A.B. asks: 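Structure incoming, see below.
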Protein chains: 2
Amino acid sequence: MSIGQVAERTGLSVHTLRFYEREGLLAQPVRRGSAGHRVYSEDDVDWLGVCIRLRASGMPLTDIRRYTELVRAGQGNEAERLAVLREHRERVLAQMHELDECLKLITHKVALYEGRLGLRDDVVECAQPAFNGASRGRAAP
Amino acid sequence: MSIGQVAERTGLSVHTLRFYEREGLLAQPVRRGSAGHRVYSEDDVDWLGVCIRLRASGMPLTDIRRYTELVRAGQGNEAERLAVLREHRERVLAQMHELDECLKLITHKVALYEGRLGLRDDVVECAQPAFNGASRGRAAP
DNA sequence: GTAGATTCTAGAGTCGGCTCTAAGTCAAAC
DNA sequence: GTTTGACTTAGAGCCGACTCTAGAATCTAC
């Protein structure tokens, strides 16, 4: 598979594919064909899929590289790999929780504006108490 | 409230607080006391709380500014505000879905390594089929 | 009143993650 | 045989979001 085809399939640009390779994100160096052109295997693409997921969940490139290096190093470091994955899972869970909070806030505001657009117009934009607990009444509609 | 106190309460640095103000993220310009020092009201802090949540859910500063400007402009643009919020809510939902997928992958791998660390050692690191549907058997343990 | 912490402004620097450019190689189509 | 287009490298550029610096002014405690 050429770099162009892989770009098509993964949604990454060819620039990004080369960049990821330079950054050491591929489990093994991509094979080269005839004129030094990259030839990707299905496994390469699958691994890229994993990288994409890890990126999408906020793992920095350096961490992905570290994990990749462990995998590349072969058997014997499973405990380390597990630690990396567990740590990241915690971050993902935290992130989901955070997103959930955001969603609540946004949904609250959406409801507020939806209501307002039907009924009244004297309510002032407000904020949720986020840091103290000292509700001062006037801020929450 | 001084900028230092607000930094303490919000978790933002004083640098970031000044930066956010320059970027027009505050609903109204922060009041100034005696020597030109910023004096934050509870409402300012509450609004910052909203900004922090929006940021945490991936809204870019430019979008937050845009929303802030709508709020600052006062009544009459509720429909626009609602549109901004709804659009962002869609993005948050998409993001949550994506995170969920990532979580599945990670959890799968964690289980795999947990199992392996107890039992065997000849399984090779693998990737989830992510783009095609052509399972080639050898990639999935 | 003086030391040390906090604040001010304007502007420069950093970092992560791409994204693009330039100059060149190569294969296939016409 | 030349043009077109996909590929190569090394390296520069860009963008968002901070983060820090310098130099001056001002508060707080002793």
Side-chain angles (χ1 to χ4, degrees), chain A residues 1-26 29-41 44-45 47-69 88 91-92 95 98 102, chain B residues 1-26 29-41 44-45 47-69 84 88 91 95 98 102:
Chain A
M1 225 176 314
S2 75
I3 195 170
Q5 291 170 310
V6 174
E8 181 115 349
R9 267 178 61 183
T10 60
L12 298 172
S13 72
V14 293
H15 294 303
T16 303
L17 284 170
R18 287 193 275 253
F19 170 67
Y20 277 8
E21 188 179 346
R22 269 211 301 276
E23 293 292 298
L25 260 57
L26 278 96
V30 183
R31 273 185 308 136
R32 300 310 179 103
S34 50
H37 291 194
R38 289 168 179 82
V39 178
Y40 290 81
S41 68
D44 290 332
V45 176
W47 180 257
L48 279 168
V50 174
C51 292
I52 288 170
R53 277 263 131 87
L54 293 176
R55 274 296 301 136
S57 54
M59 187 183 273
L61 291 186
T62 50
D63 292 11
I64 301 180
R65 172 167 47 229
R66 203 177 128 237
Y67 181 63
T68 303
E69 279 161 1
H88 185 56
R91 280 199 302 267
V92 170
Q95 207 181 326
E98 175 71 41
C102 300
Chain B
M1 224 177 314
S2 75
I3 194 169
Q5 291 169 309
V6 174
E8 181 117 349
R9 266 178 63 183
T10 59
L12 299 173
S13 72
V14 293
H15 293 304
T16 303
L17 283 169
R18 287 193 275 253
F19 170 68
Y20 277 8
E21 188 179 346
R22 270 210 301 276
E23 292 293 297
L25 261 57
L26 279 97
V30 182
R31 273 184 308 137
R32 300 308 179 106
S34 49
H37 291 193
R38 288 168 180 82
V39 178
Y40 290 82
S41 67
D44 290 332
V45 176
W47 181 256
L48 279 168
V50 174
C51 291
I52 289 170
R53 277 262 130 86
L54 293 176
R55 274 296 301 135
S57 54
M59 187 183 273
L61 291 187
T62 50
D63 291 12
I64 300 180
R65 172 168 47 228
R66 203 177 128 234
Y67 181 63
T68 303
E69 279 162 1
V84 170
H88 185 56
R91 281 199 302 266
Q95 207 181 327
E98 176 73 40
C102 300

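As a basis for the values below, the full set of heavy atoms in this structure was taken, side chains included, without hydrogen atoms, waters or symmetry mates. These numbers come from a predicted model, not from an experiment. Order of the sequence lines sets the chain letters (A, B, ...), proteins ahead of strands, with each chain counted from 1.
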A.B. asks: Checking side chain to side chain donor-acceptor pair (under 3.5 Å) for the pair A:Ser2/A:His37: CA distance, chi angles, key distance, verdict?
C.D. replies: CA-CA 8 Å; A:Ser2 75; A:His37 291 194; over 6 Å; no
A.B. asks: Tell me which one of A:Arg55, A:Arg18, A:Arg65 satisfies salt bridge (Lys or Arg N to Asp or Glu O under 4.0 Å) with A:Glu23.
C.D. replies: A:Arg65
A.B. asks: Heavy atoms of chain A, cut-off under 4.0 Å: which first and last nucleotide of DNA chain C, 5' to 3', fall inside that, if you could look?
C.D. replies: C:dG17 to C:dC26
A.B. asks: Would you compute the distance between atom SG of B:Cys102 and atom CZ of A:Arg91 and round it to the nearest 0.5 angstrom?
C.D. replies: 12.5 Å
A.B. asks: Does the side chain of B:Thr62 reach to within under 4.5 Å of the side chain of B:Arg66, using non-hydrogen atoms?
C.D. replies: no
A.B. asks: Which distance, rounded to the nearest 0.5 Å, do you find between the CD1 of A:Ile3 and the CG of A:Leu17?
C.D. replies: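 The CG atom of A:Leu17 is 5.0 Å from CD1 of A:Ile3, to the nearest 0.5 Å.
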A.B. asks: Could you tell me the separation between the CG atom of A:Leu25 and the CZ atom of A:Phe19, rounded to the nearest 0.5 Å?
C.D. replies: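 A:Leu25 atom CG to A:Phe19 atom CZ measures 8.0 Å (nearest 0.5 Å).
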A.B. asks: To the nearest angstrom, how far is A:Glu21 atom CD from D:dT8 atom C1'?
C.D. replies: 11 Å
A.B. asks: Which value, rounded to the nearest 0.5 Å, describes the distance between A:Met59 atom CE and A:Arg53 atom CZ?
C.D. replies: 14.0 Å
A.B. asks: For every nucleotide of nucleotides 10-19 of chain D, 5' to 3': is a protein heavy atom under 4.0 Å from its base (B), only from its sugar-phosphate (S), or from neither (-)?
C.D. replies: -B-----SBB
A.B. asks: Roughly how far, to the nearest 0.5 Å, is the OH atom of A:Tyr20 from the CG atom of A:Leu12?
C.D. replies: 5.5 Å
A.B. asks: Any residue in residues 29-38 of chain B with a heavy atom nearer than 4.0 angstrom to DNA chain C? Just list them by number, or reply none.
C.D. replies: B:Arg32, B:Gly36, B:His37, B:Arg38
A.B. asks: Could you tell me the separation between the CG atom of B:Leu12 and the C1' atom of D:dC20, rounded to a whole number of Å?
C.D. replies: 16 Å
A.B. asks: Does the B:Asp44 side chain pair with the main chain of B:Ser41, one donor and one acceptor, at a distance under 3.5 Å?
C.D. replies: yes
A.B. asks: Quick one: pull up OH in B:Tyr40 and CZ in B:Arg9 and give me the separation to the nearest 0.5 Å.
C.D. replies: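 It is 12.5 Å, given to the nearest 0.5 Å.
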